[in-house]
Structure formats: structure tokens, C-alpha cells
Amino acid sequence: MNFIPKPIEDKSSVASLKKRLDWGEPALTIVDVRDRNAFNATHIMGAVSIPMNELVARAIANFELIRDIYVYGETNEQTAQAALNLRKAGYKNVAELLDGLAAWKAIGYPTEGFSAALT
């Protein structure tokens, strides 16, 4: 039986995002708002780097307002601020990825980047 993941929520666990990725639903974007050096070192596999200062402008240039966007930063506070900025810009389906990369790595989900290649 196919498991259909829950729709996007304002706050999301990494497990819920992983279930959705495993289900094979490509209609979502994972956005990492940390600085480029942190992103280049390691990030969630498939995430795109859009630093906070470029977030709204680049999102508007690249994503429809109805796109499902999972966002994470260095801290839950930075993640919440990024989600708020996207919602203020008109994005309807934005999820804060709780505990971001740390939670993702703690469960052993795939990452990519320079340090990911070393482990």
C-alpha cells in the first residue's frame, strides 16, 4: 500500500520531509538560508543555497507562490525568520524544517558537500 504523506505544515520534522521525498513527490524545494561556506561544507541532499539577504528576491525569481518550500538555517530562529519573510512575500506553502541540518544528520539522512564527502 502506498503511503501518502501529509500535506506541508508550517513546521515540519525532518522525518516528515524524508517521507515525502521517499514517496517521490518532486513538487517541493528545500532551501538552505545559511551562508555559502556552511552550505558548501555540508547540506541536505538536494537543497538549494539561497542566503537570507537574497531569499525573497531569488525565491520570487525562481518559484511560484504556490510552491511547497521547506526552509532551514543555522538555528530554529533563523529558520523561522526565513519562513516569515517568504510568507510575507506571498508564499502560501512554507515549512520550517525543525532543527534543520543537525536533525537531518542525526537520523543519518543523506547530505552532500565537502565535509559530507569526507565522512
Open item on the list: Could you report the tightest heavy-atom contact between R34 and Y72, atom names first, then the distance?
Closed with: NE-CE1, 3.9 Å
Task: Salt bridge flag under 4.0 Å for residues K92 and E64 - done: no
Open item on the list: To the nearest 0.5 Å, what is the distance between CG on N40 and OG on S49?
Closed with: 7.0 Å
Task: For the student: nearest non-hydrogen atoms of V14 and Y109, plus distance - done: O-CE1, 3.8 Å
Under 3.5 Å, side-chain donor or acceptor atoms of residues 93-103 against the rest of the protein: list the pairs with distances, not counting sequence neighbours.
from: N93; atom 1: ND2; to: I66; atom 2: O; distance (Å): 2.9
from: N93; atom 1: ND2; to: D68; atom 2: OD1; distance (Å): 3.2
from: E96; atom 1: OE1; to: K11; atom 2: NZ; distance (Å): 3.0
from: E96; atom 1: OE2; to: R87; atom 2: NH1; distance (Å): 3.4
from: D99; atom 1: OD1; to: N76; atom 2: ND2; distance (Å): 2.9

TODO: Identify the two heavy atoms, one from G73 and one from T79, that lie closest to each other, and give their separation to 0.1 Å.
DONE: N-OG1, 2.8 Å
Open item on the list: Do L21 and I44 land in one hydrophobic cluster if side-chain heavy atoms of ILVMFWY residues count as linked below 4.5 Å?
Closed with: yes
- [ ] Without swapping roles, check the side chain of E54 against the backbone of I50 for a donor-acceptor pair under 3.5 Å.
- [x] no
- [ ] Determine whether V56 and Y91 make a side-chain contact, defined as any pair of heavy atoms from C-beta on separated by less than 4.5 Å.
- [x] no
Task: Over all atoms of both residues, closest heavy-atom pair of A89 and L65 - done: O-CD2, 3.9 Å
Task: Minimum-distance pair of heavy atoms, taken over all atoms of L17 and W104 - done: CD2-CZ3, 3.9 Å
TODO: For residues R36 and P51, report the shortest heavy-atom separation together with the two atoms involved.
DONE: NH1-CD, 3.2 Å
TODO: Report whether I8 and L28 are members of the same hydrophobic cluster (ILVMFWY, side-chain heavy atoms less than 4.5 Å apart, transitive linking).
DONE: yes
- [ ] Would you check, one step at a time, whether the test side chain to side chain contact (heavy atoms under 4.5 Å, CB included) holds for Q78 with V33?
- [x] CA-CA 8 Å; Q78 185 184 45; V33 298; 4.1 Å; yes
Open item on the list: Pair V48, T29 - check side chain to side chain contact (heavy atoms under 4.5 Å, CB included), show working.
Closed with: CA-CA 8 Å; V48 295; T29 300; 3.9 Å; yes
TODO: Find the distance between OG (S12) and CZ (R20) and round it off to the nearest 0.5 Å.
DONE: 9.0 Å
TODO: Identify whether M45 and I30 are in the same connected component of the hydrophobic contact network (ILVMFWY, side-chain heavy atoms under 4.5 Å).
DONE: no
Task: Derivation of the side chain to side chain contact (heavy atoms under 4.5 Å, CB included) call for R67 and N62 - done: CA-CA 10 Å; R67 181 90 180 159; N62 292 288; over 6 Å; no
Open item on the list: Pair T42, F114 - check side chain to side chain contact (heavy atoms under 4.5 Å, CB included), show working.
Closed with: CA-CA 6 Å; T42 187; F114 298 135; over 6 Å; no
Open item on the list: Side chains of L55 and L86, heavy atoms from C-beta outward: is any pair under 4.5 Å?
Closed with: yes
Open item on the list: Is there a path of hydrophobic side-chain contacts, each under 4.5 Å between heavy atoms, that joins V71 and M52?
Closed with: yes
